[in-house]
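Below you'll find the structure, written out as structure tokens, and then a few comments.
Since the structure is predicted, the reported quantities are computational estimates derived from the model, not experimental observations. Proteins get letters first, then strands, A, B, ... in listed order; numbering begins at 1 in each. Basis for what follows: all heavy atoms, side chains included, without hydrogens, waters or symmetry-related copies.
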Amino acid sequence: MTDRGQDLRLVEALLFASAHPLDDAALAARLPEGSDVVGLVAELTEIYRNRGVNVVRISGGWSFRTAPDLAPRLNLERVLARKLSRAAIETLAIIAYHQPVTRGEIEEIRGVVINRGTLDTLMEAGWVRPKGHRQTPGRPATWVTTPEFLLHFGLDNLTDLPGVDELKAAGLLDSRPSATLGEMIAEPESATDEGEESDDELGDDEPGADDAGEPPETEMPAS
Amino acid sequence: MTDRGQDLRLVEALLFASAHPLDDAALAARLPEGSDVVGLVAELTEIYRNRGVNVVRISGGWSFRTAPDLAPRLNLERVLARKLSRAAIETLAIIAYHQPVTRGEIEEIRGVVINRGTLDTLMEAGWVRPKGHRQTPGRPATWVTTPEFLLHFGLDNLTDLPGVDELKAAGLLDSRPSATLGEMIAEPESATDEGEESDDELGDDEPGADDAGEPPETEMPAS
Amino acid sequence: MTEEPFEAAKPATPPSSELVVDLEGYEGPIDVLLTLARSQKVDLTKISILQLADQYLEFITELHRLRLEVAADYLVMAAWLAYLKSRLLLPEPQPEDEPSGADLAAALTFQLQRLEAMQAAGVRLLARPQLGRDVFPRGAPEGLKTVSRVAWDATLYDLLKAYGDSRRRTTGSVLEIRPAELYSMDDALARLEKLLGKVPEWRSLASFLPAELRGGIFGRSAVAATFAASLELVRSGRLQLRQDVTFGPIFLRSPPDGG
């Protein structure tokens with residue numbers, strides 16, 4: 001290999017190994033006297049122009065840097081599947097059905113105080129966001145679901161959420177009061193006989209039925 | 001640029017950017033599914049064969065290193081080379097070639113008691129560490145080399161140790177109890193070699209199982 | 001790369017009987033033996049152990065003569081070599097439970113070979129290009145990051161189930177007071193009173209139960225309430241009851257005179 005070729009290798013190794021960009025003077029100090037530092041660097045820059053790493057000028061010196069277009073591919077994205085806590089999914093469901101809904105209203109519906117992290121988790125997941133305020137003392141923020149929420153759960157829009165009737169039919173919402181517990185134990189098959197008395201006071205709970213500005217009533221079962 | 005050309009650029013950038021050698025699995029995880037990792041690395045190795053930096057296989061993965069022949073000319077800030085005593089060098093060699101090995105066994109091979117500071121020095125350099133115990137009376141700790149040891153000496157794995165095959169073939173790595181000599185000189189714990197706990201074999205030193213961040217464990221060359 | 005950065009280089013000249021009377025630079029008795037063995041200038045496997053033992057004992061004697069302090073290790077080795085010598089010179093047969101002189105000599109040879117091998121391996125190891133001395137890694141690696149993204153695992157079913165659970169839990173606790181699930185005596189009384197005077201013939205009590213009668217507790221409450229109501233109507237003379245056998249069906253009718 002020619003001397004120039006060897007010098008080029010040396011510049012390559014120096015720029016590679018140095019923890020800091022090396023300026024022309026620093027390179028010259030390590031090359032034979034009278035070396036064409038500028039020409040060597042230019043040649044090396046050209047060699048690496050379209051490569052995965054490039055020779056770039058940084059803070060007055062020369063350094064190797066990975067090609068900017070590859071930056072996103074250098075990092076490995078690892079997906080961690082995690083289950084939502086019961087509190088989180090319940091809160092999400094209540095926001096979905098009752099939006100816009102304040103934190104206080106969610107707590108009222110759930111009957112428990114919302115843990116600080118619960119809404120954060122849902123926000124982080126990109127499924128809920130605060131939007132607007134309730135025009136009541138303190139002007140509490142109201143929460144709504146996001147388009148990502150619809151995407152994740154495969155819904156076209158909020159009206160796709162099954163109404164309470166449908167939930168009930170699917171066995172997801174059994175509103176039989178506990179007074180009938182004995183009956184259910186005695187003859188469970190009788191539970192769904194027609195003419196059931198628990199009329200659907202939940203019926204108007206469908207999403208979209210509520211006016212946006214109006215807080216939905218938290219439901220009190222009729223008595 | 002072709003897809004393969006882009007993948008080659010990516011492998012180049014990955015090896016440049018990583019602070020540790022990357023094994024095939026770590027590369028594959030960042031390349032498009034089904035990429036020819038082995039072929040890409042081989043191509044890159046070839047491209048850099050006569051350059052100032054080379055692609056080398058170290059500690060179970062791939063990494064760039066400055067070309068060894070440039071060492072005298074690099075004149076970079078060097079890690080102050082620790083002057084190792086003869087005792088330390090011998091002890092390091094014994095641990096490297098005989099691992100896992102107890103202090104008593106080292107003393108038996110060297111025919112002399114180990115100076116207190118010798119193992120400390122090697123541990124401080126990050127090249128050896130205790131790992132496991134020999135299942136003999138007293139359960140003495142056994143010593144092995146570290147991934148840093150492989151990195152420092154530019155070894156892919158312990159089968160790369162200089163002359164390991166010849167030594168093994170000559171029976172010089174056998175853990176043969178040295179007649180009465182060992183008993184007379186060394187500690188009682190060195191009496192036997194059987195029933196060792198860390199049953200690492202050379203075979204499972206394959207790269208690939210480890211994630212990029214974790215260098216693989218060094219393993220015993222023979223027993 | 002060839003110069004060895006060893007602190008204590010090996011003694012340049014191996015000690016013979018008349019020289020080096022110093023243990024400085026030796027790494028123990030086997031190291032001394034190894035150095036002495038090299039002076040025989042033959043392969044270690046072909047070495048004369050007897051001659052080596054003599055060389056060693058001579059070396060130790062010389063140290064003693066110069067009143068140099070000799071570490072115990074070296075003296076133990078001297079004693080062992082003296083023993084080995086005697087065994088090598090002892091005519092056969094050997095005592096049964098002891099290794100032969102040849103075995104002991106072979107073991108010593110192995111010791112010497114092994115140490116020599118390790119010393120050589122150490123030198124070769126340190127002669128390799130070392131990181132940070134001969135070869136260098138990338139000085140400023142950008143590093144590869146592993147970005148963890150949490151994918152929350154929740155299905156539409158989970159969502160709806162959670163809503164259902166929530167609703168059931170909160171509404172259920174209030175619904176306990178809902179009274180409509182039982183057929184009350186007032187209901188039965190009102191129903192029977194409507195039918196008074198329209199039942200000239202005996203009819204079973206069961207046929208007076210509400211049409212929407214369901215089984216279970218509601219049905220049983222209807223039977224009980226209707227029976228209690230019928231007793232009340234009988235007491236006021238507006239109804240007649242009849243049961244032919246114990247646990248038999250109960251019949252009722254309007255009083256023949258119409259009440």
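- Shortest non-hydrogen contact noted between C/F136 and B/L74 is CD1-CD1, 3.4 Å.
- Closest non-hydrogen pair, C/M118 versus B/Y97, comes out as CE-CB, 3.8 Å.
- To the nearest 0.5 Å, the span separating CD1 on B/I94 from CD on C/Q119 amounts to 8.5 Å.
- Contact of the C/V135 side chain with the B/V56 side chain is not registered, since no non-hydrogen atoms from C-beta on lie closer than 4.5 Å.
- Within the model, atoms CG of C/L131 and CZ of B/F149 stand 13.0 Å from one another, a figure rounded to the nearest 0.5 Å.
- The contact between B/L167 and chain C is made entirely by side chain atoms (from C-beta outward), counting heavy-atom distances below 4.5 Å.
- Each of C/Q111, C/R114, C/E27 was checked for a side-chain contact (heavy atoms from CB on, under 4.5 Å) with B/R110, and the lone residue meeting it is C/E27.
- For B/L14, the parts lying under 4.5 angstrom from a heavy atom of chain C are both the backbone and the side chain.
- Chain B forms the most heavy-atom pairs under 4.5 Å with one residue out of C/Q113, C/R124, C/E142, and that residue is C/R124.
- When all heavy atoms are compared, the tightest approach of B/A17 to C/L144 is CB-CD2, 3.8 Å.
- Looking only at side-chain heavy atoms (C-beta outward), C/L126 and B/I89 come within less than 4.5 Å of each other.
- When all heavy atoms are compared, the tightest approach of C/P129 to B/P68 is CG-CB, 4.3 Å.
- Here B/L155 is the residue among B/L155, B/L15, B/V53, B/N115 with the most heavy-atom pairs under 4.5 Å with chain C.
- The two atoms that bring B/L172 and C/F110 nearest to each other are CD2-CE1, 4.0 Å, heavy atoms only.
- Between C/P29 and B/G111, the shortest heavy-atom distance links the atoms CD-O, 3.4 Å.
- For a residue to count as touching a neighbouring chain, one of its non-hydrogen atoms must lie under 4.5 Å from one of that chain's; by this rule B/F64 touches chain C with the backbone only.
- If you tally non-hydrogen atom pairs under 4.5 Å between each of C/G28, C/G143, C/G139 and chain B, the highest count goes to C/G143.
- Taking CG from C/L125 and CD from B/E90, the interatomic distance works out to 13.0 Å, rounded to the nearest 0.5 Å.
- Rounding to the nearest 0.5 angstrom, the gap separating the NE2 atom in B/H152 from the CZ atom in C/R128 is 11.0 Å.
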